[in-house]
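The first residue in the sequence is number 1, and the count goes up from there. These figures come from a predicted structure and were not determined experimentally.
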Amino acid sequence: MENVLDILLDENNTSHIILMDDDGRKLTFEQIAVIPYKEKIYCILYPVGKIPGIAADRAVVFYVDEDDGAPCLTAEKDDATVCDIFEQYYDLIEKDIEEIIRRG
């Protein structure tokens, strides 16, 4: 079984990411982006279906953490860091759009 870091970093992976919440419920997400930032690896995941406590139009920022030595994802709770991660993501999108326009 692949660990979550291998899944996140696999550019060819199109599968959903399944996480377990504290109550043991499976939560399904679509991967939007992986953002290296301040010596951590963050990812932006979009909920597939309704997830309690998350608005239907909201993505969630997680960072790669460790649980008993194995990579796992932990939701980022610091609002400033979440904003920084989204800013990094928007910068990447802008660069991609500029590259597409440049290539014409």
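- The number of heavy atoms from other shown groups lying within 6.0 Å of CG (D23) is above 12.
- Applying the 6.0 Å contact sphere to CG of D79 captures no more than 12 heavy atoms from other residues, nucleotides or ligands.
- Atom OH in Y42 sits 5.0 Å away from atom OG1 in T81 (nearest 0.5 Å).
- The closest side-chain heavy-atom distance from L45 to L19 is below 4.5 Å.
- When atom types are taken as modelled, the side chain of N3 and the backbone of D6 share a donor-acceptor pair closer than 3.5 angstrom.
- Atom CD1 in I51 sits 9.0 Å away from atom CG in D21 (nearest 0.5 Å).
- Checked against V64 for a side-chain contact (heavy atoms from CB on, under 4.5 Å), the options L9, L5, T74 give a single hit: L5.
- With contacts defined as side-chain heavy-atom distances shorter than 4.5 Å, the pair D65/Y63 qualifies.
- With rounding to the nearest 0.5 angstrom, the CZ atom of R25 is 10.5 Å from the CE atom of M20.
- No continuous path of ILVMFWY side-chain contacts below 4.5 Å connects I7 to I18, so the two sit in separate hydrophobic clusters.
- Going from atom CD of E30 over to atom CD1 of I17 covers 9.5 Å, rounded to the nearest 0.5 Å.
- The minimum heavy-atom distance linking Q31 with V34 is given by the pair NE2-CG2, 3.3 Å.
- Between the CD1 atom in I85 and the CZ atom in F62 there is a gap of 13.0 Å [rounded to 0.5 Å].
- Across F29 and V48, no two heavy atoms sit closer than the pair C-CG2, 3.9 Å.
- Of the inter-residue distances, the one linking Q88 atom CD with K38 atom NZ reads 9.5 Å to the nearest 0.5 angstrom.
- Hydrophobic cluster membership differs between Y89 and I100, with clusters built from Ile, Leu, Val, Met, Phe, Trp and Tyr side chains linked at under 4.5 angstrom.
- Look at R103 and E99 and you find a salt bridge, because one of the NZ, NE, NH1 or NH2 atoms lies within 4.0 Å of a carboxylate O, short of that distance.
- Applying the side-chain contact (heavy atoms from CB on, under 4.5 Å) test between V60 and each of L27, L73, V82, I54 identifies I54 as the sole match.
- Shown here for A59 and I44, the closest heavy-atom pair between the two residues is CB-CG2, 3.6 Å.
- Both I97 and I35 belong to a common hydrophobic cluster when Ile, Leu, Val, Met, Phe, Trp and Tyr are linked at side-chain heavy-atom distances under 4.5 angstrom.
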